[in-house]
Undergrad: 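Pasting a structure below so you can have a look.
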Protein chains: 2
Amino acid sequence: MASAPAILRVALAQINVTVGDLGGNTKKILTYLDNGREVGADIVVFPELTITGYPPEDLVFKPQFIDDNRRCLEEVIQATKDITAVVGFVDAQRDVHNAAAFISNGKLIGVYHKIFLPTYGVFDEDRYFQSGDVCPVYSLPGADVGVNICEDIWYAMGPTVVQADAGAHVIMNINGSPFEVGRADQRRSFVSTRAIDHGIYICYVNLVGGQDELVFDGGSMIINPKGEIVAQGKRFDEDLVVADLDIATVLRHRLKTPRQRKQSLVYMGQDIGSEVVTVADGRTSLPKPPLTLPEVERLSTAAEAYAALVMGTRDYVRKSGFQRVLIGLSGGIDSTLVAAIAADALGPESVVGVAMPSRYNPAESQDDAALLAKNFGFEFHAISIEPTFKVMLSTLTGLFEGTEPNVAEENIQARIRGNILMAISNKFGWLVLTTGNKSEMAMGYATLYGDMAGGFAVIKDVPKTLVYDLSTYRNSLQEADPIPVRVIEKAPSAELRPDQTDQDSLPPYPVLDGILQAYVEEDRSFQELLGLGYDEATIKQVMSGVDRNEYKRRQAPPGVKITPRAFGRDRRLPLVNKYRGY
Amino acid sequence: MASAPAILRVALAQINVTVGDLGGNTKKILTYLDNGREVGADIVVFPELTITGYPPEDLVFKPQFIDDNRRCLEEVIQATKDITAVVGFVDAQRDVHNAAAFISNGKLIGVYHKIFLPTYGVFDEDRYFQSGDVCPVYSLPGADVGVNICEDIWYAMGPTVVQADAGAHVIMNINGSPFEVGRADQRRSFVSTRAIDHGIYICYVNLVGGQDELVFDGGSMIINPKGEIVAQGKRFDEDLVVADLDIATVLRHRLKTPRQRKQSLVYMGQDIGSEVVTVADGRTSLPKPPLTLPEVERLSTAAEAYAALVMGTRDYVRKSGFQRVLIGLSGGIDSTLVAAIAADALGPESVVGVAMPSRYNPAESQDDAALLAKNFGFEFHAISIEPTFKVMLSTLTGLFEGTEPNVAEENIQARIRGNILMAISNKFGWLVLTTGNKSEMAMGYATLYGDMAGGFAVIKDVPKTLVYDLSTYRNSLQEADPIPVRVIEKAPSAELRPDQTDQDSLPPYPVLDGILQAYVEEDRSFQELLGLGYDEATIKQVMSGVDRNEYKRRQAPPGVKITPRAFGRDRRLPLVNKYRGY
């Protein structure tokens, strides 16, 4: 047990690591250890799988990768003089574990193995890791510390109760918890409840940054035994969150609260035991400058979604090594929003817009695109697809003889545009951003190898109704509207045939988005959708549209997940699938 | 315990079901129950998740889907008069299980829940199901039968040992086991060992048919307690495998073999118990016609791979509801092999070939394509891409001014071809088959939205060296070579610039395929590859080629898995990934 209660100064290192960049991640850990020393922290706590980045996926199957990650941990251990640290890494002895190293004064004191391995939604941890079965408590002078990892804190009968029973005053819960709209509020209320349940401090440290389709939004927090926030990290940015934990309050709290009497943990038929490891010299004697805790404002839905899209786009582009991005600008709301996000994420000098008019685009569309480029200050070109479209149609005259114009001729235009964008991309090495939204992707209202051609689909998880909200939100950030108001107000159209509008083919977007949320995110049945008041024909149109277009989405580029259930690894449906729930 | 030992007539229904087609699958089950009655079977055994098809993936998250599947099971139960059956379905009480119903004489006698849930390779069962914890034995007059599911038989300390200890004479092991080259031999030797281990009969029934990227190859088998094959199902086709099991041999065998004394099973800290359920009327009194057991020939690597590609292509196309397929024919070996497979899978009347020559294609290429079409008897067209290519280049003159021709101009050609094929596809509703092989896919030696454009990538998991073997194999099946010999003999080329050959950009294929197998399938490190004798520069070229092109493969269409590790769900690597193992 720890000696007389004291103040423990904790620093949560909410950092942006890159999957696979073992050397770069390790360097950043060392920098933040120094930052922790500067503020007089006793302990610096890093997020889940800090060294490898999260999620490392099948890199974990490479023995060399595991060895390299272990060598990096050794480097961190050597650098952890006169301070204590918790660092995430992949531990492989006989089995492979998602692990947290507890390091103090240049020594590896112990290793915790994650017990609850998420294998749902976007997570596949059972594919890679074995569960741990011990819940250590590290007894520093004056404070006993339990360490556990992410999902572990979500179980009432999880390691936190074992560690609290064994006397922990503080839980260091290290996370790689991805963003979705509203998730930060859930986490806060959830972690508060756990702190009250067990009468302990909980230090919740999260990753920050984009990784493929996921955005880790930061928002690390330190919660006291009453469930109150003591300190909080920024959203969508790196941060070092520092606070002083008054360990005596834990003891006072426990003495008075009968709910914190010992609870036993029986999990899957096993007793999960605790072990207490004494760390005699595990407190720093570094000077402790006075702390001021910055305020962190709560973000609106539009604000947090926009920030997630900006960070997800920036990190995908920059971590993949691209200097510039290329966007086909139709003058419509989707490509406009994508260009705004790209300009905010990368700076206007990194953005190139190309309008590619045909016979079906009114002049206004190109004007709107040009005005957008001017307002945001990025490079803009216009290239007509008419000459190529004409030749292509005449090339196919023979084969198409006697047929009526249909979607084939429409898609030819979209695919010529895709070809032009990719040619520019191949010539100059710029990444093409695609501009389809979630409502379109759901219904297959997009052309494979046409407007779906590109490396990153910025708003593929943004329903059309939210596309409008985000555009309005972006305009609210500055005096003059950078997004032309006409773009927000005109009727949406693919402009692939005369006088076309989206609503020729799709239900009104508020209706469509309502049904999509119920069907795609919540797996509601046809009967339940009827019960929600939608009409039968519309429900069938939407359900069959979603079901029939899985093959298109399978070939779509990745994009930022912002809803509870994105298309892709979050929703895995067979392509050959004869199930019709209507 | 069963009464006096007898002969049990078993029928394994190796059927081709379709994922989600609950009604169709149920109908097929009823048909095979009748087939079982006709041959006087006491028990008809169906494969894993018979009713839903395998793998149902996130369909399992739809409550309506589970209800519908349960209703179908009820229909099967009603139809199981005067006979016994084992049928796979999704059982959802509090938890959701991959389950096997034991049905006899119109009654559901019991349900087995799969214990070992594969969550590796292409499998994600931990995402959907909870493990079972009871191993029932169904005691029919004269024979005690244990039921378990697929992965369960692969564990020495699994349900088979519990059921054997509890007196089972026969294990019905129901499978959805996907094909890969050589897998059938492994299964046979493995299941034989288990039969010997426990001194029992094992009836191994497998699905047959294609589902997205997987092919289930059938090859069901009945193994006696000495590990010998009693009867065997066809490969790559539906079958009813019937044999008489002499239960007395199990008892004789046990009396003499000390290895079959009771073994206990402790799994994950739990005792997994057995229960014996007596089924008093669980034997049929149907007439038992004499049995002749057909011989099943062992297939060569080329033969089984070719059969898998044919079945995978046929089932993807037909189960998706397409009448015809469209293939861009370059006159090269890859598109030639794909056309041969398609013609064999669907019949030549369902295949349309299109040659799309440019300035860089020698006349011979188109001649070879035309000859191929003639030999196989499918429709053939030629459409020049020159006019479109010229206009497209002139459209880009302004932007490309001052640049040297590079991959941009090459890819424009491939993407015009993609556009033409997709336009024809959109016009007539034909499915485009793509023609890239695994070696190309590995190295990104293919054009996104160009030759990668299409709905099904027939040979994406076939290494180039095997492409040659398969072509030679196909020619060996008939007198006159349907695949023009010049196609097999000429140097492979993309024909996108003057005098181009694949070996300008890639190592010789035998070397490339050797490194790819070691790196992609076996996760060998750079040092290990050096140890295998490859030269350093080539290893680095291949490793970096594979690593850099993950983004292309992510947007590729699905295709038949035939190797131990296909790209796709079998090998899940991050796109943003800074790990370099060289």
Side-chain angles (χ1 to χ4, degrees), chain A residues 18-22 24 57-59 61-65 119-120 126-127 211-212 268-270 316 319-320 381 383 387-388 391-392 395-396 399-400 403 406-408 411-412 415-416 418-419 422-424 426-427 449 453 455 523 525 551 555 557-558 571-579 581, chain B residues 18-22 24 57-59 61-65 119-120 126-127 211-212 268-270 316 319-320 381 383 387-388 391-392 395-396 399-400 403 406-408 411-412 415-416 418-419 422-424 426-427 449 453 455 523 525 551 555 557-558 571-579 581:
Chain A
T18 299
V19 165
D21 187 12
L22 306 177
E57 302 190 67
D58 282 12
L59 287 173
F61 295 151
K62 297 178 187 285
Q64 181 70 43
F65 179 78
T119 303
Y120 58 78
D126 274 341
R127 181 177 171 89
Q211 171 60 28
D212 290 356
M268 294 271 290
Q270 298 184 304
Y316 189 85
K319 290 179 178 180
S320 300
H381 301 276
I383 299 176
T388 310
V391 175
M392 192 103 197
T395 290
L396 288 163
L399 257 178
F400 283 9
T403 68
N406 70 348
V407 70
N411 284 340
I412 287 172
R415 293 195 179 106
I416 292 170
N419 200 343
M422 291 306 298
I424 301 172
N426 289 158
K427 183 59 80 179
Y449 327 125
D523 276 319
S525 70
Y551 77 98
Q555 295 190 40
R571 183 175 184 273
R572 305 178 190 177
L573 283 169
L575 293 170
V576 168
N577 168 18
K578 290 208 177 163
Y579 185 66
Chain B
T18 299
V19 165
D21 188 12
L22 306 177
E57 302 188 71
D58 282 12
L59 288 173
F61 295 151
K62 296 179 187 285
Q64 181 70 43
F65 179 78
T119 302
Y120 57 78
D126 275 341
R127 180 177 171 90
Q211 170 59 29
D212 290 357
M268 295 272 290
Q270 299 184 304
Y316 190 85
K319 291 180 178 180
S320 301
H381 301 275
I383 299 176
T388 311
V391 175
M392 193 105 195
T395 291
L396 289 162
L399 258 178
F400 284 8
T403 68
N406 70 347
V407 70
N411 284 340
I412 287 172
R415 293 194 179 106
I416 292 170
N419 200 344
M422 290 306 299
I424 301 172
N426 288 159
K427 182 59 79 179
Y449 327 125
D523 276 319
S525 69
Y551 77 100
Q555 294 189 41
R571 183 176 184 272
R572 306 178 189 177
L573 282 169
L575 294 170
V576 168
N577 168 17
K578 291 208 176 163
Y579 185 65

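We name chains A, B, ... by the order of the sequence lines, and we start the count at 1 in each one.
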Undergrad: Just give me the residue among A:Pro63, A:Ala453, A:Pro387 that pairs up with chain B most often, heavy atom to heavy atom, under 4.5 Å.
TA: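 Most heavy-atom pairs within the cutoff with chain B belong to A:Ala453.
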Undergrad: Side chain, backbone, both or neither: which part of A:Ile412 has a heavy atom under 4.5 Å from chain B?
TA: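 Both backbone and side chain.
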Undergrad: Can you tell me how far CZ of B:Phe65 sits from CG of B:Leu59, rounded to the nearest 0.5 angstrom?
TA: 4.5 Å
Undergrad: Any side-chain heavy atom of A:Asn411 sitting closer than 4.5 Å to one from A:Tyr449?
TA: no
Undergrad: Select one option (side chain, backbone, both, neither) describing which atoms of B:Leu575 are under 4.5 Å from chain A's heavy atoms.
TA: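 Contact with chain A involves both backbone and side-chain atoms of B:Leu575.
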Undergrad: Out of A:Asp212, A:Ile424, A:Val391, which one racks up the most heavy-atom pairs below 4.5 Å with chain B?
TA: A:Asp212
Undergrad: Using a cut-off of under 4.5 Å for heavy-atom pairs, which of B:Asn419, B:Thr395, B:Leu22 has the most such pairs with chain A?
TA: B:Asn419
Undergrad: Report the option among B:Tyr551, B:Phe61, B:Phe400, B:Tyr316 that has the most heavy-atom pairs separated by less than 4.5 Å from atoms of chain A.
TA: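 Of the candidates given, the most pairs with chain A belong to B:Phe400.
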Undergrad: Rounded at 0.5 Å granularity, tell me how far OG1 in B:Thr388 sits from CZ in B:Arg415.
TA: 15.5 Å
Undergrad: What option among B:Pro558, B:Pro557, B:Gly418, B:Ser320 has the most heavy-atom pairs under 4.5 Å with chain A?
TA: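 Between B:Pro558, B:Pro557, B:Gly418, B:Ser320, the count favours B:Pro557.
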Undergrad: Looking at B:Lys62, B:His381, B:Gln211, B:Lys578, which makes the most heavy-atom pairs under 4.5 Å with chain A?
TA: B:Lys578
Undergrad: Roughly how far, to the nearest 0.5 Å, is the CE atom of B:Met392 from the CE atom of A:Met392?
TA: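 So the gap between those two atoms works out to 9.0 Å.
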Undergrad: Side chain, backbone, both or neither: which part of A:Tyr120 has a non-hydrogen atom closer than 4.5 Å to chain B?
TA: backbone
Undergrad: Under 4.5 Å from any heavy atom of chain B, what part of A:Thr18 do you find: side chain, backbone, both or neither?
TA: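 Interface part for A:Thr18: side chain.
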Undergrad: Which heavy-atom pair separates B:Gly455 from A:Gln555 by the least distance, and what is that distance?
TA: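 Scanning both residues completely, I find the closest heavy atoms to be CA-NE2, 4.4 Å.
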Undergrad: Salt bridge between A:Arg571 and B:Asp58, side-chain N to carboxylate O under 4.0 Å?
TA: no
Undergrad: Salt bridge or not for B:Arg127 and A:Asp126, using N-O below 4.0 Å?
TA: no
Undergrad: Using a cut-off of under 4.5 Å on heavy-atom pairs, state which of A:Asn406, A:Asn426, A:Val576, A:Ile416 scores highest against chain B.
TA: A:Val576
Undergrad: Among the options A:Gly581, A:Pro574, A:Ala423, pick out the one with the most heavy-atom pairs lying under 4.5 Å from chain B.
TA: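 Most heavy-atom pairs under 4.5 Å with chain B: A:Pro574.
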Undergrad: For A:Leu399, which atoms come within 4.5 Å of any heavy atom of chain B: side chain, backbone, both, or neither?
TA: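 A:Leu399 touches chain B through backbone and side-chain heavy atoms alike.
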Undergrad: A:Leu396 versus chain B, heavy atoms under 4.5 Å apart: side chain, backbone, both or neither?
TA: side chain
